[in-house]
Number of protein chains: 2
Amino acid sequence: MSVTGHTSADTPADQAAKGGKSVSIRDVAAAAGVSYQTVSRVINGNASVKEATRERVQEAIRALGFRPNAAARALANRDTRSLTVVTSNTTLYGYAATLQGVEEAARAAGFTVGISVLESEADEHVRATVNRAADSSSGLVVIAYDSAGVRALDCVPDGHPVSAAVEAPAGPLSNSLPRAWIDDAEAAAEATRYLLELGHPTVHYVALPSTTHASRRTAGWRAALEAAGAPVPEPVGAGWDAVAGYDAGRRLAQDPGVTAVLCGNDDLALGVLRAMYEAGRPVPGQVSVVGFDNAPQSAFYTPALTTVEMDFTDLGRACFALLHDVLAGTSTAAALPPVPRPRLVVRESADVHHPAPTP
Amino acid sequence: MSVTGHTSADTPADQAAKGGKSVSIRDVAAAAGVSYQTVSRVINGNASVKEATRERVQEAIRALGFRPNAAARALANRDTRSLTVVTSNTTLYGYAATLQGVEEAARAAGFTVGISVLESEADEHVRATVNRAADSSSGLVVIAYDSAGVRALDCVPDGHPVSAAVEAPAGPLSNSLPRAWIDDAEAAAEATRYLLELGHPTVHYVALPSTTHASRRTAGWRAALEAAGAPVPEPVGAGWDAVAGYDAGRRLAQDPGVTAVLCGNDDLALGVLRAMYEAGRPVPGQVSVVGFDNAPQSAFYTPALTTVEMDFTDLGRACFALLHDVLAGTSTAAALPPVPRPRLVVRESADVHHPAPTP
DNA sequence: CTGAAAGCGCTTACAG
DNA sequence: CTGAAAGCGCTTACAG
């Protein structure tokens with residue numbers, strides 16, 4: 001990695017010298033021969049300004065390179081039209097995609113978006129982070145897929161505008177803030193049934209750390225198993241990434257009874273795929289694996305991953321919509337965008353069960 | 001996906017009623033029996049405040065739940081201690097990791113970080129996006145790995161504090177803004193030599209879209225080939241993701257002469273892996289593949305990907321340091337953090353060349 | 001259609 | 001160690 005300084009022609013000193021106190025509304029007014037209030041009007045697209053003077057002002061703005069000061073504006077308006085998303089991760093697919101959805105919707109609505117990451121779930125850290133985030137923007141969107149996020153939600157100053165992306169609607173959320181989630185219980189059940197119909201005696205489950213004691217996804221998996229009269233193995237708890245999936249996969253690989261495994265996300269599934277490969281248990285020949293999320297890489301794994309597609313980007317957009325409503329005071333849960341159901345994407349990693357696996 | 005509104009107890013109306021005009025410095029002053037200037041002093045940790053009154057004020061702050069108004073502060077201070085990173089993507093590994101590095105360093109320094117994504121490289125859109133970003137924070141960090149980013153860099157208002165993460169130091173950047181990059185020329189050469197030493201007659205190259213006519217990475221690859229007297233095939237231009245790698249891989253798979261391919265990033269390599277698999281050209285049996293980046297999943301692919309590790313997070317940190325320097329007026333390119341060189345991580349996807357491939 | 005006033009919530013010198 | 005003044009750059013009523 002290499003680095004380069006900037007040329008001496010651009011030092012802050014020069015900058016200060018160049019712009020002086022930087023051009024303000026009054027400078028523009030002077031240049032255009034009007035009062036500064038009029039300048040404010042044209043900036044804000046106020047209708048009642050004569051066309052001729054509007055043009056003169058606009059010309060002065062261009063000539064002087066005037067740019068409105070956001071802080072002053074925010075102060076006078078009592079509003080910054082900004083939000084910050086609080087999240088414990090920006091790198092995992094589900095988080096990144098949610099963030100992207102929030103950003104996209106926010107930008108479209110003229111909102112500025114900040115990001116504030118939770119580095120640990122230590123109470124003090126979470127509280128400080130949330131407070132700083134709350135202070136620097138008009139609203140918060142917290143991604144509460146994990147316990148740091150859930151804790152952040154609990155720290156939001158009372159009455160501060162906020163919405164959240166959560167794992168499931170129920171659970172330890174003491175208050176009922178506006179929140180959105182993907183209803184994945186049915187999808188988990190569908191994936192489980194799919195595996196069962198392939199002839200597998202049961203389906204093992206590699207779980208994401210859950211923020212609730214009863215994740216809907218886990219519930220869907222369990223329900224499908226019970227409905228089919230299949231045994232319900234203990235879910236194996238894992239983390240979020242391929243390393244965690246790999247560890248879980250190694251344990252599972254030792255049990256000849258596991259022939260089908262459903263994973264909490266695609267990274268976990270990738271780790272399981274690798275562990276099975278190393279253990280000499282070919283997928284899908286001997287064991288079937290199904291993921292969750294449908295991350296962009298999943299289609300290119302070998303075997304290509306059968307997985308449940310989750311539209312996190314849309315979830316992010318919904319979170320923005322929710323926040324926007326509370327900001328506007330029009331919090332109508334009724335008038336919300338359609339809710340895309342997750343769907344099973346069948347590829348190569350799951351196949352019919354062979355009762356007597358070829359050695 | 002499901003959504004829920006907030007309880008009626010939390011409407012903005014209630015909020016307004018509750019806080020009134022929200023508690024200000026004057027309310028605290030009144031409660032503590034001091035002037036509001038004194039409150040300002042304790043907020044800012046000004047030393048010259050008697051311990052007793054400091055405590056009284058702090059108590060009042062706590063009791064009233066006072067939170068300083070960031071906009072007012074920014075206005076009075078002429079500084080927001082904030083930055084926004086301008087990027088065309090938050091989802092690709094290199095971008096996400098860079099963003100993470102910027103965020104981490106910024107947060108540690110008490111900066112607020114915004115994010116502003118470039119949705120297209122259309123001039124007008126880029127300019128508007130950059131302007132809004134510039135207006136809403138005291139500095140910009142632009143991730144200029146692609147042409148949208150490079151264009152954004154060109155749009156930064158003259159004299160506005162900015163730093164950039166770039167592909168390579170030279171190129172179409174007309175001005176010389178502070179920027180950081182990963183010096184990958186030598187790493188590309190090393191990876192190429194590695195493949196050559198494995199006995200491959202030459203190394204094909206699946207390139208990222210480059211922002212410069214002479215990417216350092218491409219140059220390193222070419223130099224290694226030339227130094228070894230190996231033929232230099234035309235690089236195959238691709239995009240950024242696995243889909244693009246897959247397309248490139250399909251083309252390459254048809255040419256029996258390609259036995260080794262170096263890819264611009266790991267997603268590209270994944271696509272190539274898949275294309276080779278589908279074409280019946282086993283990796284690394286018949287063709288060797290090496291990636292770039294060392295994304296967290298690479299170690300779990302089958303075959304595990306041999307790749308060049310790039311520390312984007314550190315790059316992001318360096319970008320923040322650079323911006324911080326220009327903001328502070330102490331732009332000393334000399335006093336910069338150590339520059340971690342990328343290194344080759346050998347795994348399974350590259351192996352010795354078998355002159356007569358087993359059918 | 002356009003000015004003059006007051007104020008958004010804070011900070012920075014300046015007195016005392 | 002602590003007040004009183006002035007001002008940061010804008011917007012919002014209020015006159016005219």
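This is a predicted model, so every value here is computed, not measured. All chains are named by letter (A, B, ...) in the order of the sequence lines, taking the proteins before the strands, and each is independently numbered beginning at 1.
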query: What about R78(A), does its side chain sit under 3.5 Å from the base of dG7(C) through a donor-acceptor pair?
result: no
message: Whole angstroms only, please: what is the CZ-P distance between R26(A) and dA5(C)?
response: 12 Å
- prompt: Is any side-chain N or O of T38(A) closer than 4.0 Å to OP1 or OP2 of dC1(C)?
  reply: no
Y36(B) side-chain proximity, nearest of dA13(C), dC14(D), dA5(D): dA5(D)
query: Between dC14(C) atom P and R41(B) atom CZ, what is the distance in whole Å?
result: 14 Å
field: Involving DNA chain C, stems made of at least three consecutive Watson-Crick or G-U pairs, both distances under 3.5 Å
entry: C:1-3 with D:14-16, C:5-12 with D:5-12, C:14-16 with D:1-3
statement: DNA chain C nearest-nucleotide lookup for S35(A) and N44(B): closer to the 5′ end is S35(A)
field: Partner residues of F111(A) under the ring-ring contact (aromatic ring centres under 6.0 Å, His included) criterion, sequence neighbours left out
entry: F320(A), H324(A)
query: So does S40(B) get a side-chain nitrogen or oxygen closer than 4.0 Å to the phosphate oxygens (OP1/OP2) of dT11(C)?
result: yes
- prompt: In whole angstrom, what separates D27(B)'s CG from dG9(C)'s P?
  reply: 9 Å
task: Rounded off to whole Å, could you give me the CD-to-P distance for the E51(A) and dC1(C) pair?
output: 10 Å
message: Could you tell me if T80(A) and S138(A) have a donor-acceptor pair between their side chains, going purely by distance under 3.5 Å?
response: yes
query: Is the shortest side-chain N to carboxylate O distance from D154(B) to R151(B) below 4.0 Å?
result: no
- request: Using atom CD of Q37(A) as one end and atom P of dT12(D) as the other, report the distance to the nearest whole Å.
  value: 12 Å
task: Side-chain contact test, heavy atoms from C-beta onward, threshold under 4.5 Å: evaluate it for T87(B) versus L118(B) and give yes or no.
output: no
- request: Provide the full list of salt bridge (charged side-chain N to carboxylate O under 4.0 Å, His left out) pairs with a residue in residues 108-120 of chain B, sequence neighbours left out, each pair given once.
  value: R107(A)-E119(B)
task: Using heavy atoms and a sub-4.0 Å distance, could you list which residues of residues 60-76 of chain B are near DNA chain D? By number, please.
output: L75(B), A76(B)
- request: State, without any angle test, whether Y145(B) and T98(B) hold a side-chain donor-acceptor pair at a distance under 3.5 Å.
  value: yes
query: Are OP1 or OP2 of dC8(C) and a side-chain N or O of S24(B) less than 4.0 angstrom apart?
result: no
query: Over how many whole Å does the gap from I25(B) atom CD1 to dG7(C) atom C1' extend?
result: 15 Å
- prompt: Tell me the salt bridge (charged side-chain N to carboxylate O under 4.0 Å, His left out) pairs involving residues 60-77 of chain B, sequence neighbours left out?
  reply: D135(A)-R67(B), E59(B)-R62(B)
task: Scan residues 29-51 of chain B for pairs that pass salt bridge (charged side-chain N to carboxylate O under 4.0 Å, His left out), counting only residues two or more places apart or in two chains.
output: E51(B)-R54(B)
Criterion side-chain hydrogen bond (donor to acceptor under 3.5 Å, both in side chains) on S116(A) and T84(A), from CA distance to verdict: CA-CA 7 Å; S116(A) 184; T84(A) 119; 4.9 Å; no
- request: Considering just the side-chain nitrogens and oxygens of N77(A), establish if one lies under 4.0 Å of OP1 or OP2 belonging to dT12(D).
  value: yes
